[in-house]
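Numbers here simply count residues along the sequence, with the first being 1. Counting starts at 1 for both ligands and their atoms, in listed order. Fair warning: this is a prediction, and the values are worked out from it, not measured in the lab.
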Amino acid sequence: MQWREWISRQLETKPAELTEETGARAVVTFAARLTFEGVERRYGTYYALHQVDLDISPGEVVCLLGPSGCGKTTLLRIASGVEKPSAGRVLINDREVAGPNRFVPPEKRSVGLMFQDFALFPHLSILENVAFGLKASPRAEALREATAVLSRVGLLKFANAYPHTLSGGQQQRVALARAIVPRPSVMLMDEPFSGLDVQLRDAMQEQTLALLRETRATSLIVTHHPEEAMRLGDRIAVMRNGRIIQLGQAEDLYDQPADLFVARMFSEINEVGYPVADGQIETPLGRLQASDALSQGDNAVVCIRERGIELKPVGQGLPGRVLHVRFLGDIDLLEIGVQGFEAPLRVRTPHYAQWAKGAEVGVEIDAARVLIFPENGDPV
Ligand code: ATP
């Protein structure tokens, strides 16, 4: 049966009234403030979350970024209500939904959830999968709303199909439609793009962000890809070992990473170790000022961004020689032996610059843009 007839039977509407309007508006939600206050989660003696404070404004998109096991999913589960904090409070619009004296179950929190594996029901049609998000509503109304949202994500023609017949990107859109159809005030997404291949991921990130903006839902998105976090998040919360170690806009995290761990996440860097003497670090770039976090005799890690090194004709900057060239598409990754540095420095330059192996070059490094951290990676 054609999709138009199939939907019209479900909705008791004439086929002519149904159009595949991919430009249709999504439902608009009442965005809410989402606040975590001193949230902890312990499993026995193990702390999956330590004292997490995070305040997300209505309509804001925040990405939780960090390595595997750092507590991202646990924080998301606590926000959704499928897990309880061991200590601390969660508030939605300043109303406590989890805390020492109160616990609001997930279905009463107005949160939408979307998982990495999409979790579609294989035995339900696409329309029924989306309408499942409205299982508390009368069936006719649920189907009508589900049809509108399916139309918004451009999948109305698959309404009577089953999940296994759809591509990964299409299944992702169905999962998104199902999460959004009940008009949640808060959207919680756990690695929503990691099941997609790289080309598809780009397009789906754009479309998802557009839909989140349109619905105005406050969103918390888990990822372990820095680029994805930069692309999607109004702010990024970087997590490690159950703590938020830095929170800010992408530019802040890139320009002023709190520690070596964050610096490594946001750019490719050369790390060169030097001892600290009299509050200074003697390097081939000149004498650099050590921060207060570094004491006499400590080892400092001087971080030089691979894209922060400029190659010039011989005679400018430090003398160097191109030791190796690797073609990476738009850019080349070079290894340069630079006077004063024991090990070669890696440099990323546009491919059109065409540096050849063996070439003599001038190497310019802006000392003001170099980052310095204690060797153990602590915050400066
Ligand atoms: P990933 O990116 O791999 O999903 P994550 O940052 O989301 O990781 P979580 O799933 O939040 O990490 O887990 C944080 C830590 O808590 C991990 O060390 C995990 O093993 C532990 N943990 C999570 N759930 C439980 C549980 N039910 N019992 C015991 N330990 C748990």
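- Residue contacts with ligand 1 do not include Gly44, since none of its heavy atoms lies under 4.0 Å from the ligand.
- A salt bridge links Glu310 with Lys312: the distance from a Lys NZ or Arg NE/NH1/NH2 to an Asp or Glu carboxylate oxygen falls below 4.0 Å.
- Looking only at protein heavy atoms, the nearest one to atom 2 (O) of ligand 1 is Lys72 NZ, 2.8 Å.
- In the vicinity of Glu191, heavy-atom distances shorter than 4.0 Å reach the ligand 1 atoms 2 (O).
- For atom 25 (C) of ligand 1, the nearest protein heavy atom lies under 4.0 Å away.
- Within the 4.5 Å cutoff, the side chain of Arg102 has no heavy atoms near those of the Val97 side chain.
- Residue Pro67 has at least one heavy-atom neighbour below 4.0 Å for each of these atoms of ligand 1: 6 (O).
- No hydrogens or angles considered: nothing links the side chains of Gln205 and Thr208 as a donor-acceptor pair under 3.5 Å.
- Closest to atom 11 (O) of ligand 1, if we only count protein heavy atoms, is Thr74 OG1, 2.5 Å.
- Within the 4.5 Å cutoff, no side-chain heavy atoms of Thr223 are placed close to those of Leu64.
- Short contacts between ligand 1 and Ser68, defined as distances under 4.0 Å to a heavy atom of the residue, involve ligand atoms 1 (P), 2 (O), 3 (O), 8 (O).
- With respect to Glu268 and Arg307, a salt bridge is recorded, a charged nitrogen being found less than 4.0 Å from a carboxylate O.
- Residues Met239 and Val90 fall within the same hydrophobic cluster, defined by Ile, Leu, Val, Met, Phe, Trp and Tyr side chains chained together at heavy-atom separations under 4.5 Å.
- Screening Arg235, Arg89, Arg33 for a salt bridge (Lys or Arg N to Asp or Glu O under 4.0 Å) with Asp55, the sole residue that qualifies is Arg33.
- Distances from ligand 1 to the non-hydrogen atoms of Cys70 include at least one value under 4.0 Å.
- Counting heavy atoms from C-beta on, the side chains of Leu65 and Lys72 never come closer than 4.5 Å.
- Tyr43 CE2, 3.5 Å is the protein heavy atom nearest to atom 27 (N) of ligand 1.
- At least one N/O-N/O distance between Gly69 and ligand 1 falls below 3.5 Å.
- Here the heavy atom of the protein found nearest to atom 16 (O) of ligand 1 is Ala48 CB, 3.4 Å.
- Within the 4.0 angstrom cut-off, atom 20 (O) of ligand 1 has no protein heavy-atom neighbours.
- Under the 3.5 Å distance criterion, with hydrogens and angles disregarded, a donor-acceptor pair is assigned to the side chains of His351 and Asp332.
- Scanning the protein for heavy atoms near atom 18 (O) of ligand 1, the closest one is Tyr46 OH, 3.1 Å.
- The contact set between ligand 1 and Thr73, taken as ligand atoms under 4.0 Å from a residue heavy atom, comprises 4 (O), 5 (P), 7 (O), 10 (O), 11 (O).
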